[in-house]
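Quick note on labels: first sequence line is chain A, next is B, and so on, each numbered from 1.
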2 protein chains.
Amino acid sequence: MKQNKVPKATLQRYPIYLKALRKLHHMGVERIMSRELGNFVDIESTTIRRDFSFIGSLGKQGYGYDVASLIEVFNGQLGVNFDEKLILVGAGNLGRALMNYNRWNHVVGEIVCAFDTDNDKIGSLSEVPVYHLRDLKQYLPEGCRIAILTVSGNAQETVDLLIESGIVGIVNFTHEHIQAPKGVIIRTVDVVSTIQELIFQVNNF
Amino acid sequence: MKQNKVPKATLQRYPIYLKALRKLHHMGVERIMSRELGNFVDIESTTIRRDFSFIGSLGKQGYGYDVASLIEVFNGQLGVNFDEKLILVGAGNLGRALMNYNRWNHVVGEIVCAFDTDNDKIGSLSEVPVYHLRDLKQYLPEGCRIAILTVSGNAQETVDLLIESGIVGIVNFTHEHIQAPKGVIIRTVDVVSTIQELIFQVNNF
DNA sequence: AAACATTTGTGATATGATGTACAAGGGTGA
DNA sequence: TCACCCTTGTACATCATATCACAAATGTTT
């Protein structure tokens, strides 16, 4: 990384670029210009160029960017190893749906195992073993940093336990607001709030 | 609405406030000050006061805000009727999980019906009827504005159809990037991208 | 090989969001 | 009723992000 001060806003766009580049690569596109990519993902070309510049000089003037090597750089420099080990905490409806939705294999990694407090859920659902949450420390995969939280209660308590066990990133699918110390990143994906926001926006025009 | 230029960032925080206020109300809290609310949701009190001020003068100096009437105002002014009619497009794993996850009843509204193109999925799964997508216009509920998209393919095509039928807000659970004309709001909730972003962030420190 | 046409990468600038400071005004208690 | 205390709402300052404009560098054409 050229500088270690990549803006938050930029960081949020990297996954979008990566997604688009993979698709373009799959479509057989070998080189692309910031303008084209911009049209593709609805982001100004100049924003794209600046975002890229935080990683380094990835393009060539008068030519554009090489798709394949750009993907390479993104993966390498940003630390996407395709076998990121993920755990799922909460094996209810949503949790099980996410287990089966294995779209992320070979893209980010895989859900190694799941945890729940309900004894009925312990066992093996759909290839992914489910352990009791009390055995977290025992079964937490080596090097696992990221947890997907889909519990239906005691969210904060569960989060505290996860952090204590070394988790540093949590995707929170709960409707609860949870707190975490600096250094731990929580990203809340709340369907209810998302829909509310949509309602606010469509009413605001 | 006092002004019709509510900043995007503010609009994104309204659901957070509403969520917190409901919880506080449920806990029996009758009045709250911006400082307290700020601690509760991890947002600076001054940001909260400014956000509120876009709607009007909702508080009293030296006193704070009345929780019940604040919720009232949010619901009313921002147009949350608790019976927003939602449709679900795509009745696969994730779609079915969302149908069963009826946490949004009496909070935003309800999923009235679902659509899919797979004949095996047509029928009644879990109280919510599933129709064939080709019958969208026939079964689209009166006044329905928002769709939840969980299809596994042909995302853009499906979105075009939805927009043509009058949908103005879409929660996109697909990994696809979709485009829409001005006036239609797309909010993408992509688990894969979210996890990637987390990886980028934790690697960046 | 030289001139031209492109497109990158980045200073400079504009826009948007957040944080500070405080005047204005309602609540509270004597 | 009066004086004090507290919290709101907002003008102003700061910080972050997006956009503009263009020099530098490369591919392409003649």
Side-chain angles (χ1 to χ4, degrees), chain A residues 1-17 20-21 24 29-70 73-74 77 182 197 200-201 204, chain B residues 1-17 20-21 24 29-70 73-74 77 197 200-201 204-205:
Chain A
M1 194 85 43
K2 210 169 77 175
Q3 307 184 17
N4 48 8
K5 252 305 171 234
V6 181
K8 252 194 297 184
T10 296
L11 229 36
Q12 289 184 355
R13 280 188 295 267
Y14 282 152
I16 299 173
Y17 300 140
L21 289 168
L24 289 164
V29 178
E30 288 181 5
R31 80 182 231 199
I32 190 140
M33 283 138 344
S34 60
R35 180 88 65 91
E36 285 180 89
L37 185 58
N39 291 335
F40 200 69
V41 297
D42 274 324
I43 295 174
E44 280 292 321
S45 63
T46 175
T47 301
I48 293 178
R49 291 202 298 279
R50 189 179 299 282
D51 282 348
F52 285 6
S53 78
F54 289 109
I55 300 177
S57 286
L58 311 178
K60 290 186 202 150
Q61 279 104 325
Y63 175 89
Y65 300 87
D66 181 78
V67 175
S69 62
L70 205 49
V73 171
F74 266 82
Q77 287 281 23
K182 255 178 100 72
E197 201 195 321
F200 293 172
Q201 280 190 266
N204 212 224
Chain B
M1 194 83 45
K2 210 169 75 176
Q3 307 183 18
N4 48 9
K5 251 309 171 234
V6 182
K8 252 193 296 184
T10 296
L11 227 38
Q12 289 183 354
R13 280 188 294 266
Y14 282 152
I16 299 173
Y17 300 141
L21 289 168
L24 289 164
V29 178
E30 289 179 5
R31 77 181 234 199
I32 192 142
M33 285 142 338
S34 60
R35 179 89 64 89
E36 284 179 89
L37 185 58
N39 291 335
F40 201 70
V41 297
D42 274 325
I43 295 173
E44 279 291 322
S45 62
T46 176
T47 301
I48 293 179
R49 292 201 298 278
R50 188 194 314 284
D51 284 348
F52 286 6
S53 77
F54 289 109
I55 300 178
S57 286
L58 311 178
K60 291 182 201 152
Q61 281 105 326
Y63 176 89
Y65 300 86
D66 181 77
V67 174
S69 62
L70 206 50
V73 170
F74 266 82
Q77 287 279 22
E197 201 196 320
F200 293 173
Q201 281 190 266
N204 211 224
F205 293 103

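Of the candidates C:dT18, C:dG26, D:dA18, the closest approach to any side-chain atom of B:Thr47 belongs to C:dT18. In the set D:dT8, C:dG9, C:dT8, C:dT8 carries the atom at the smallest distance from any side-chain atom of A:Met33. Listed candidates were C:dT7, D:dG27, C:dT18. Nearest to the side chain of A:Lys60 is D:dG27. Distances from the side chain of A:Tyr65 to the nucleotides D:dT7, C:dG9, C:dA17 place C:dG9 closest.
A distance of 9.5 Å separates OG1 in A:Thr46 from CG in A:Asp51, rounded to the nearest 0.5 Å. Taking OH from B:Tyr17 and CG from B:Leu70, the interatomic distance works out to 11.0 Å, rounded to the nearest 0.5 Å.
As rounded to whole Å, 15 Å separates atom P of C:dG16 from atom CZ of B:Arg13. We find that CZ of B:Arg35 is positioned 12 Å from C1' of D:dT8, with the value rounded to whole Å. Remark: C1' of D:dA16 and CG of A:Leu11 are 14 Å apart, rounded to the nearest angstrom. Remark: C1' of D:dT8 and CG of B:Asp51 are 14 Å apart, rounded to the nearest angstrom. What separates CD of B:Gln61 from C1' of D:dT8 is a distance of 4 Å, to the nearest Å. Residue A:Ile55 contributes atom CD1, which lies 15 Å from atom C1' of C:dT8 at whole-angstrom precision. Between the CZ atom of A:Phe54 and the C1' atom of C:dG11 there is a distance of 13 Å, rounded to whole Å. Put simply, OH on B:Tyr63 is 11 Å from C1' on C:dG26, counting in whole angstrom units.
Outside the 6.0 Å centre-distance limit, the rings of B:Phe200 and A:Phe74 are not counted as a close aromatic pair.
Contact annotation: A:Ser34 does not reach the phosphate of C:dT7 (side-chain N/O to OP1 or OP2, under 4.0 Å). Within the 4.0 Å cut-off from OP1 or OP2 of D:dT8, at least one side-chain nitrogen or oxygen of B:Arg49 is found. Between D:dT8 and B:Ser53, no contact under 4.0 Å exists linking OP1 or OP2 to a side-chain N or O. Residue A:Arg31 places none of its side-chain N or O atoms closer than 4.0 Å to OP1 or OP2 of C:dT6.
A 4.5 Å side-chain heavy-atom check between B:Leu37 and B:Phe52 finds at least one atom pair inside the cut-off. Counting heavy atoms from C-beta outward, B:Arg49 and B:Ser45 have side chains that approach closer than 4.5 Å.
B:Ser34 approaches B:Ile48 most closely through the heavy-atom pair O-CD1, 3.8 Å.
Residue whose closest nucleotide on DNA chain D sits further toward the 5' end, between B:Gly59 and A:Lys8: B:Gly59. Nearest-nucleotide positions on DNA chain C place A:Gly62 closer to the 5' end than the other of A:Arg50 and A:Gly62.
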Side-chain donor-acceptor pairs under 3.5 Å in residues 62-69 of chain B, sequence neighbours left out?
unit_1: B:Asp66; atom_1: OD2; unit_2: B:Ser69; atom_2: N; d: 3.0
unit_1: B:Asp66; atom_1: OD2; unit_2: B:Ser69; atom_2: OG; d: 3.0
unit_1: B:Ser69; atom_1: OG; unit_2: B:Asp66; atom_2: O; d: 3.3

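The side chain to side chain donor-acceptor pair (under 3.5 Å) check on B:Thr47 picks up nothing, with sequence neighbours excluded.
Using a 4.0 Å heavy-atom criterion, one finds that B:Thr10 contacts no nucleic acid atom at all. Within the nucleic acid shown, B:Phe52 has no heavy atom closer than 4.0 Å to any nucleic acid atom.
Interface residues of residues 38-46 of chain A facing DNA chain D, ordered by number: A:Glu44, A:Thr46; criterion, heavy-atom separation under 4.0 Å.
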